[in-house]
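Notes to accompany the following structure.
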Amino acid sequence: MLTYLLRRLLLMIPTLLGITILVFTVMAMSPGGISAQTLIGGTDMKPQEKQALLNYYNKRYGLDKPAPVQYLRWLNNVSPIGFTIDEQGNRGEFSFSKGMDLGTSFQYGRPVSDILAERIPITLLLNLVTIPFTYLIAIFVGMKSAANRGGSFDVGMGMSMLALWSIPTMLAGVLLLGFFGNVQHFQWFPTAGISSREAQDMPFLPHWEQTGFVRGFLLDRVWHLILPVICLSYGSFAALAKLTRTSILENLNSDYARTARAKGLAEHDVLWRHVFRNSLLPLITISAGLLPSLLAGSLIVENIFSINGMGQLAVEAVKGRDRELVLSITWVSGFLTLIGYLIADFCYTLADPRVSYD
Amino acid sequence: QIDRQWLKLTEMETAMSEQSKDMRELRVAVASGAVSNKPTTNSTEANGDVAQAFKRALAASRLPDYAQGDWSVDSFSTNIKTITPLVSSDLYASNVQSNVLESLITRNPDTLEWEGLIAKSWKISDDGLVISFQMRDDVSFSDGQPLTAEDVVFSFDFIMTEAIQAPRERAYLEKIKAVKANGKYEVVFTFKEPYFEALSLAGGMSILPKHFYASYVKEPQKFNQSKGLLLGSGPYKLTDPKNWTPDKGNIELVRNERYWGDVPPSFNRILWKVIQNDSARLTTYRNGDIDSYSARPVEYQELKKDEQLIAKSQNFEYMPPTVGYSYIGWNQERAGKPTRFADKRVRQAMTYLTDVSRIIKDVQLNYAEPAVSPFSNTSKQHNGSLQPYPFNLAKAKALLTEVGYEDRNGDGVLEDKSGKPFEFKLTYFQANEDTKRMVLLLKDLYARAGVRMIPFPQEWPVMLENLGKKDFDAITLAWTSGIETDLYQIFHSSQAISNGDNYISYKNPELDKLIEQARRTVDESKRMPLWQSAERILYEDQPYTFMMRRKSLLFVDKRIHNLQMTKLGLNLGSLPLENYVPVAQQKYTQ
Amino acid sequence: MSQPLLEVRNLHTYLQSGGREVRAVDGISFSIPKSETFCLVGESGSGKSISALSVIRLLPQDIATHPSGEILFNGQDLLKLDDPAIRSVRGSQIAMIFQEPMTSLNPVLSIGEQITEALQLHHPGMSDSEAEQRTILALEQVQMPHAARRFRDYPHQLSGGQRQRVMIAMALACEPQLLIADEPTTALDVTVQAEILRLMRKLQDDTGMSIFFITHDFGVVSQMAQWVGVMQQGKLVEVGACIDVLRKPQHSYTRQLLAALPENLSKPVLATTQNLDELSTAEQTPLVKIRDLKVWFPIKKGLFRHTVDYVRAVDEVSLDIPQGQIVALVGESGCGKTTLGRALLQLEKPTSGSVQIDGQELTGLSAHELRPLRRKMQIAFQDPQSSLNPRLLIETTLTEPMKVHGIGGNDEERIELAALLLESVQLKRDFLWRYPHEFSGGQRQRIGLARALALNPEFIVCDEITSALDVSVQAEILQLLLSIRQQRNLTLLFITHNIGVVEYLSDQTVVMYKGKIVERGKTAQVCKTPQHPYTQKLLAAVPRLIM
Amino acid sequence: MTETTVSRESFSAHIWRKTLDGVGVKVGLAWIALLVFAAVFAPFLANSMPLLISKDGIISAPVLRYLSVEDAWVLATFFIALAVYRLRLGSGKRILLFLLGSAVAALLVNMFLKPPVLVIYDDFRTITYTDVDWRIMPPIPYAPTDYLRDLGSKGLEAPFKTEGHTHLMGTEENGADVLSRMIHACRISLSIGLIASGIALFIGVIVGGLMGYFSGIVDMLGMRLVEIFEDIPTLFLLLTFVAFFGRSLYMMMVIIGITGWSGYARYVRQEFLKLRKQDYVQAAVASGLPLSSILFRHMLPNGVAPLLVAVSFGVAGAILSEATLSFLGLGVVDAPSWGQMLDQAVKSSTFNWWMAAFPGGAIFMTVFSYNLIGEAFRDAIDPQLSRKAGVN
Ligand SMILES: Nc1ncnc2c1ncn2[C@@H]1O[C@H](COP(=O)(O)OP(=O)(O)OP(=O)(O)O)[C@@H](O)[C@H]1O
Ligand SMILES: Nc1ncnc2c1ncn2[C@@H]1O[C@H](COP(=O)(O)OP(=O)(O)OP(=O)(O)O)[C@@H](O)[C@H]1O
Ligand SMILES: [Mg+2]
Ligand SMILES: [Mg+2]
């Protein structure tokens with residue numbers, strides 16, 4: 001098992017390298033490189049000042065060097081092992097102990113690692129709420145449709161799921177906001193952010209006070225997350241539900257199900273004790289594949305509901321030509337996905353005795 | 001969760017320590033018998049000796065329904081990267097800072113004259129090279145430390161420290177030779193050369209507490225990368241002056257209980273929410289969760305018909321004197337070679353084609369006024385006799401033919417003598433809808449004269465780089481302007497170098513002379529005529545096609561009272577604070 | 001005989017599929033006495049499984065209907081029982097085991113769990129520990145090696161035979177009175193089959209249950225059954241005591257079936273005699289020469305997937321296949337027959353060793369160099385379903401290779417040739433213009449043969465081409481093979497595990513075991529006087545019908 | 001033995017028939033057909049200039065005169081497609097012929113068509129075009145980029161709310177007729193969907209096919225490539241590429257294409273890995289057929305069905321991507337596109353229902369149609385569901 005894990009981790013390295021190379025080349029080829037970025041906000045600087053700033057950056061990031069050199073330099077900074085580099089930018093000796101340095105974001109003027117440390121948890125939170133939610137709904141629907149296959153529920157649900165899938169996210173988001181966050185219609189949910197100002201100084205759990213019910217930090221969070229999560233999830237119902245349905249039907253017709261019936265098990269038990277677990281196996285593998293799309297999907301949702309997650313960051317970074325940031329975002333999200341796959345496979349081994357990695 | 005608790009702890013700690021510090025000081029004072037029971041300033045019996053700056057605030061506080069309390073809640077449309085002074089570059093941050101930091105002097109909203117805030121008075125030497133400020137002795141920072149001349153000196157030195165990432169301010173203050181403290185409460189600014197804006201330069205500099213920021217001179221990186229290092233003498237303060245971070249989303253200032261000012265500010269807290277999505281922002285405003293909403297013209301028209309909104313808000317259309325003007329800049333030199341716009345007549349022709357009044361009517365829905373020059377029509381720099389160029393197709397065509405443009409191959413587009421068609425890219429910043437509309441309109445207008453314009457939207461960084469490289473045909477942008485606008489940076493030929501702000505490479509020696517002269521003359525009565533003659537040259541040359549100044553269109557929640565128009569625009573949130581919420585309407589306790 | 005345990009009277013079972021109604025079972029009647037065995041034989045699709053499923057009422061309600069008939073079990077009519085009632089009968093009184101041991105067990109539950117489940121279902125009071133005891137007992141009963149340890153194993157950790165044992169253990173756990181076995185041994189090797197059959201007989205003696213046994217193998221019938229029913233297209237054409245039916249079958253269909261058995265097939269006269277004297281000469285000039293051929297599949301493990309061991313599918317095999325002979329390759333499943341065959345044609349890269357055809361070395365040739373040699377040797381496959389490209393007309397399938405190898409001047413000629421081919425495999429020539437899914441299994445195998453013949457090769461590998469077919473069809477194919485062989489003087493490597501076929505068809509027999517050749521020689525002598533213990537075991541295991 | 005029902009139709013025809021029975025698909029196809037029609041004949045359906053006018057005796061057709069190169073090409077290819085479809089030929093030949101034809105058309109059009117560069121739509125409402133003997137206007141007398149300046153359109157007028165000129169679907173921010181823009185936008189949406197996923201498919205099949213056929217090292221490398229492209233959220237990639245490589249429509253198609261192929265590659269690979277084991281492929285190898293034939297004749301056609309499902313979903317996805325890009329302010333500039341219009345609706349704080357409803361609805365319907373088709377198709381080829389139910 002351990003060797004398997006190691007192997008998987010080793011395999012990640014070329015992938016991650018590839019990702020960074022890809023993105024780096026794209027950025028290197030693009031107009032409005034870093035140099036432009038450095039000038040943002042510098043609009044009311046003296047030319048000399050701007051020039052100075054440029055030189056500063058050039059020295060710091062070796063922007064005057066050819067792209068491959070820049071890349072290697074960046075890579076060296078990022079990788080946990082490599083050459084130490086001093087302020088003047090000339091190379092020290094090789095070390096295994098030098099930490100990872102994701103560099104500094106130009107437009108935020110802060111270490112990229114800090115920024116990611118702020119943003120990733122938020123996006124992860126969104127996704128970790130969304131995925132289970134999606135699965136619950138999808139599995140439920142999938143099972144019911146399988147149960148009365150060809151029935152009205154099956155057909156109807158199949159259709160409406162497809163329909164949901166086809167709604168553009170931004171439209172859905174804005175409509176939801178317009179109707180359920182608006183005093184003119186139903187002001188049930190907040191319009192922005194993932195927690196309200198008051199929640200900052202609320203206790204964690206909901207409880208009663210003499211003033212009345214206090215929703216507490218937790219409920220406040222949930223309350224804020226509802227609309228975004230709906231927006232994120234409705235799109236992926238269709239595929240999952242469909243998958244559940246087919247695999248359940250498949251397993252219901254399988255030989256072992258028949259064996260179970262031959263034992264005298266009631267249909268209900270056959271479904272729950274035998275078929276169900278087998279049917280969910282394919283869903284496990286899918287779950288990881290959901291992650292990247294969610295990461296990106298949150299991009300729109302985050303914008304609409306003013307949530308500062310990776311999605312937002314990505315847009316800002318890309319528009320701001322913030323090289324360090326874009327690079328890190330892409331490879332980090334790539335890394336997350338790979339980890340996701342790994343975890344999924346791991347769960348698979350737990351769920352299915354047949355596969356065992358050594 | 002954990003860290004939230006922890007944060008609250010630290011906040012409490014700081015509070016405690018401060019209190020204890022106060023106690024100590026008090027004891028010391030008592031011991032030395034120096035404690036005069038000078039009443040803590042509050043509006044009631046501060047009538048006589050209220051500083052000029054606080055007169056309006058005082059007046060407000062005299063109003064029958066005046067009340068302290070409640071919050072002012074506002075919104076930002078992008079998330080703030082940092083609110084540390086000097087490091088921060090965007091408007092929002094400076095907006096926040098203005099509530100926390102104070103400067104020696106401030107402009108009077110009615111007279112637009114300078115008057116003392118921290119400074120009691122000041123003297124300017126006859127040659128205009130030395131300005132010395134007499135400072136108040138009762139001013140203290142929000143942590144209780146007194147504010148002295150030392151702090152002012154420090155602020156200057158701090159900005160001038162190379163390692164500190166404050167190039168903008170440094171560039172701005174470079175005219176100052178030295179700042180010296182003369183005794184505890186007098187500070188002297190010395191200038192390298194006479195400069196017409198010397199006073200505002202010196203007096204406008206916001207004062208940073210030495211005891212708070214001094215430590216960062218040693219570790220500048222820490223300062224440059226900091227997100228929330230903000231402490232000052234202003235009416236509001238951060239609960240924790242060191243640890244604000246962007247991921248908190250909101251920015252929240254609390255009343256500075258130790259505020260030295262003659263009139264304590266009305267709001268208990270000032271809160272800024274970050275709401276990127278426009279419709280979300282509007283909805284939030286509708287729901288009453290933010291106090292003001294500024295609208296685009298089309299939107300404004302719509303909303304004025306919306307009774308739910310009108311019922312809860314007061315709306316304002318006004319033209320702040322400092323509002324910028326929007327223009328089309330014609331690039332005159334590209335890759336060392338003069339472009340077709342190098343010819344004055346072509347520029348004039350384009351101006352004739354640019355139907356500003358039409359734009360104002362169709363795009364701005366008349367919420368804007370045409371701009372004749374960089375100088376606002378109300379400013380003294382402006383010569384009222386100049387009228388904006390009218391739309392005049394015939395004249396434009398005449399000019400163009402005069403230069404030698406005509407449709408040679410019958411495809412409807414003009415060609416010059418070498419047969420090169422008259423078509424150019426108009427670069428503009430993509431994010432703004434109104435600009436886009438305007439550009440589309442212009443496209444049609446120019447088409448009438450057989451000129452082909454290709455809209456060329458760009459993102460900010462790309463645009464900046466192209467500006468720096470002077471790599472564009474024509475560009476539409478806007479410059480902000482001050483009460484009095486300096487032409488040097490934008491139109492002086494010396495700025496036509498790469499990365500200079502005269503990126504259209506406009507060179508006119510005559511104008512250069514005038515500008516230099518004007519900047520050197522400190523005496524206003526002599527200076528203004530110089531500006532006006534400079535303006536005439538610009539008007540003639542049309543390096544830019546000056547288009548318009550846009551009005552601010554604003555909805556403010558009815559809660560907020562005592563909103564007035566001043567020469568500086570609407571007094572919403574202007575300091576010292578004049579707005580307040582009557583007890584009846586107060587919304588936020590705590 | 002006393003009051004029968006199960007009595008089926010005029011049972012009809014109709015199935016709705018895609019709008020039309022299939023009369024899977026129409027009007028069968030038979031009865032099974034206590035502690036005796038009733039065998040249902042018949043070709044595939046004749047309705048055996050359906051009748052079995054009808055008895056235990058396992059057919060899905062929505063598609064299966066029983067217009068008339070009754071199934072009396074201990075006097076009560078199962079068809080009339082409601083769901084709970086029939087469920088209480090299932091498993092406890094009537095148990096069933098199925099054909100596919102691979103898929104019939106739930107892969108994600110340990111075998112222990114699956115058996116105890118059955119137990120506790122019918123003995124609600126039973127405690128877990130007791131259930132476990134009983135389970136282990138049951139496993140021992142079916143002679144599961146160290147049953148106690150197997151308890152927590154998962155199905156995939158067991159061999160096919162063991163799985164079938166588990167199935168039986170599960171079925172017998174609640175001591176049913178009737179065991180329905182739907183071809184329980186078809187998917188197993190003969191040796192394993194023999195064990196299972198022996199086991200079932202033993203269990204029957206111990207527990208005194210009755211068995212409703214379904215098979216299509218008369219050999220098995222003659223070993224198991226007291227009573228036999230022969231089924232054809234949903235009807236029971238003949239029922240009676242095993243001996244009578246097998247000795248003097250009444251119904252023509254039964255005779256036809258019996259006649260179709262390889263051991264009863266009449267060999268074409270001319271074939272053998274000339275072969276026998278040919279042999280001696282042929283020995284000197286082998287067409288295909290295999291010298292210690294190895295096909296090892298690496299088993300990769302560890303961080304860098306380095307090879308820790310090999311599956312020795314084919315291990316140092318040396319073999320000569322004389323011109324114009326049919327060499328049968330027999331052996332249990334997984335012993336490497338197919339791999340050897342594929343290795344001969346270089347469809348599998350041999351690990352080492354040499355393969356020569358007409359003295360031309362094949363190993364180590366590039367695909368390009370191989371191409372001209374390809375037409376000398378062809379292969380025909382086992383599975384009629386997947387052996388033809390579903391997207392191509394038969395015409396394309398047949399002519400494309402010809403075109404590549406430049407057989408026939410133009411398309412018309414090739415089409416003509418293809419038509420002739422079809423006729424030579426006794427199919428109509430207009431079948432050229434059909435798609436594979438329009439043929440029955442037997443027809444497809446013929447087409448498969450035709451394709452193999454298209455390049456008129458000298459040597460063909462036939463990988464179990466008859467195993468998936470019914471006896472009658474099998475018989476036809478076998479005879480066809482012989483005749484073609486006559487016409488074209490073909491050389492065949494005939495892979496099979498059916499000794500009957502071997503005896504009928506082949507001149508020489510090669511026995512393979514665990515990747516090695518353990519015995520080879522003239523078919524007659526190998527079958528009469530096997531030398532190697534494995535061969536002896538194999539032959540002993542073959543169920544023959546005692547006349 | 002089970003006698004298979006002899007049906008005299010090819011496998012693909014069979015699948016196609018099974019796909020077609022079902023209401024959803026028919027609706028979907030109908031809608032797509034409608035779009036195609038609109039896309040091809042857009043300039044004649046919605047335009048400010050008369051189709052035909054007769055001015056003092058002389059009959060002229062301004063539309064034709066102003067017909068842009070693109071319009072002409074689209075028309076040409078459409079008719080070529082029709083013609084080719086009529087021909088009785090192998091599908092391969094057909095496709096080849098079609099591509100050839102359209103290429104030639106493109107060439108000719110570019111060489112001979114010289115429409116005026118500047119179009120001033122206002123002029124078409126001046127007397128030169130109005131006081132004529134007779135004239136035939138298009139059904140919607142407004143061009144998509146005609147901002148009706150002379151009619152003083154303020155923009156954002158609800159349907160039928162405008163005085164003087166009627167707009168069935170109202171006007172958008174700049175005052176252009178929404179319906180007209182919708183019609184012209186069909187072209188963008190369709191082409192984005194098809195071309196983008198066409199490119200993706202092409203790359204995917206090549207890479208996946210190679211991976212699947214020679215597994216081993218090729219597979220290893222290929223998989224890394226695939227992973228690279230699918231581990232970065234596609235939208236991030238898209239964002240990066242578009243932001244950096246300009247905003248032209250064609251660029252966008254290409255980019256959506258080259259960022260979206262990884263899924264297909266996986267599909268093809270899996271299919272090929274399966275197919276390689278198939279006996280008929282082995283037989284093909286055994287009879288020494290050339291690699292190309294094995295890959296593209298024996299393997300691809302059998303592996304293509306699930307791929308097509310993926311494609312039809314992919315097309316839907318591409319259309320949504322376009323909308324998303326517009327939403328992120330990276331859409332096309334002046335050319336009308338649904339995404340961009342929807343974006344206007346979403347961005348504007350005052351909710352203009354017609355701006356959201358019509359473009360949003362169109363996107364929804366199109367995506368939905370493609371999804372429906374894909375779904376039906378999947379059901380048709382899914383062996384599990386098409387197999388007879390119940391007992392084995
Ligand atoms: N679910 C079903 N729907 C429709 N027809 C079916 C179904 N299952 C089986 N049949 C038909 O019923 C007939 C009998 O099927 P059955 O499985 O009993 O044959 P069998 O004798 O068991 O064959 P085998 O020896 O291959 O098991 C066949 O013609 C088959 O096509
Ligand atoms: N591609 C492969 N990779 C690894 N092992 C393989 C491969 N192909 C076959 N084997 C193993 O080689 C052995 C021989 O397989 P082969 O198919 O030749 O047996 P067989 O005699 O044909 O069995 P059957 O009679 O069931 O067809 C088996 O243990 C099988 O697991
Ligand atoms: Mg059967
Ligand atoms: Mg085999």
Side-chain angles (χ1 to χ4, degrees), chain A residues 1-14 146-151 154 247 249-284 347-358, chain C residues 49 52-53 56-62 83-110 113-115 117-122 152-157 166-167 170-171 173-174 176 180 182 299-305 308:
Chain A
M1 192 65 230
L2 185 66
T3 53
Y4 173 74
L5 276 180
L6 278 175
R7 176 179 162 70
R8 287 293 294 267
L9 290 175
L10 275 182
L11 276 181
M12 285 183 192
I13 294 173
N148 65 356
R149 159 185 193 182
D154 182 13
S247 75
L249 282 177
E250 200 169 315
N251 286 287
L252 273 176
N253 294 340
S254 66
D255 292 356
Y256 69 83
R258 194 180 49 182
T259 315
R261 293 195 193 92
K263 276 187 220 167
L265 250 63
E267 205 44 43
H268 172 270
D269 297 349
V270 174
L271 180 59
W272 285 108
R273 281 210 217 128
H274 291 264
V275 168
F276 189 64
R277 196 170 151 197
N278 283 292
S279 315
L280 292 199
L281 290 178
L283 288 182
I284 297 178
C347 301
Y348 201 95
T349 45
L350 299 187
D352 186 345
R354 278 167 299 183
V355 283
S356 70
Y357 300 117
D358 47 349
Chain C
S49 299
L53 293 170
I56 194 172
R57 294 270 312 271
L58 267 183
L59 288 169
Q61 314 292 8
D62 51 354
D83 234 33
I86 190 68
R87 262 192 266 116
S88 64
V89 173
R90 265 189 224 143
S92 62
Q93 298 169 46
I94 307 181
M96 183 160 181
I97 60 181
F98 301 95
Q99 175 171 357
E100 258 315 319
M102 302 292 170
T103 59
S104 306
L105 288 167
N106 186 338
V108 304
L109 296 181
S110 76
E113 285 174 90
Q114 297 192 47
I115 299 178
E117 182 183 28
L119 277 169
Q120 286 178 323
L121 185 66
H122 297 291
R152 302 224 178 316
D153 282 5
Y154 288 94
H156 70 276
Q157 295 164 310
V166 172
M167 284 295 289
M170 191 187 324
C174 309
I180 304 179
D182 185 353
I299 302 169
K300 292 184 181 333
K301 274 212 173 59
L303 198 48
F304 300 103
R305 282 282 171 274
V308 293

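Just so it is clear: chains get the letters A, B, ... in the order the sequence lines come, proteins before strands, and each one is counted from 1. Because the structure is a prediction, the values reported are computed rather than measured.
- Remark: C/Ser110 engages C/Glu113 in a side-chain hydrogen bond (donor to acceptor under 3.5 Å, both in side chains) (not counting sequence neighbours).
- C/Pro107 is listed as a side-chain neighbour of A/Asn278, based on a closest heavy-atom distance under 4.5 Å.
- Of the atoms belonging to C/Leu121, it is side-chain heavy atoms, and not backbone ones, that fall under 4.5 Å from chain A.
- Listed here is the closest heavy atom pair of C/Leu58 and A/Ala262: CD1-CB, 3.8 Å.
- Atom CG of residue A/Asp255 and atom CE of residue C/Met102 lie 12.0 Å apart, to the nearest 0.5 angstrom.
- Contacts of C/Ala95 with chain A are absent, with no heavy-atom separation under 4.5 Å from either backbone or side chain.
- When heavy atoms are compared at a cutoff of 4.5 Å, A/Arg277 approaches chain C solely by way of its side chain, counted from C-beta outward.
- Of the two parts of A/Ala257, neither the backbone nor the side chain holds a non-hydrogen atom closer than 4.5 Å to a non-hydrogen atom of chain C.
- Put simply, CZ on A/Arg258 and OG1 on C/Thr103 are 7.5 Å apart, with the number rounded to the nearest 0.5 Å.
- Residues satisfying the side-chain hydrogen bond (donor to acceptor under 3.5 Å, both in side chains) criterion with C/Ser92, sequence neighbours excluded, are absent altogether.
- The candidate from C/Glu100, C/Gln114, C/Met96 with the greatest count of non-hydrogen atom pairs under 4.5 Å with chain A is C/Gln114.
- Listed by chain and number, the residues in a side-chain hydrogen bond (donor to acceptor under 3.5 Å, both in side chains) with C/Glu117 are A/Lys263, A/Arg273, A/His274 (sequence neighbours excluded).
- At a heavy-atom cut-off of under 4.5 Å, chain C is reached by A/Gly264, A/Leu265, A/Ala266 from residues 264-272 of chain A, listed in order of number.
- Interatomic distance, CG of C/Leu59 versus CZ of A/Arg261, reported as 11.0 Å (0.5 Å rounding).
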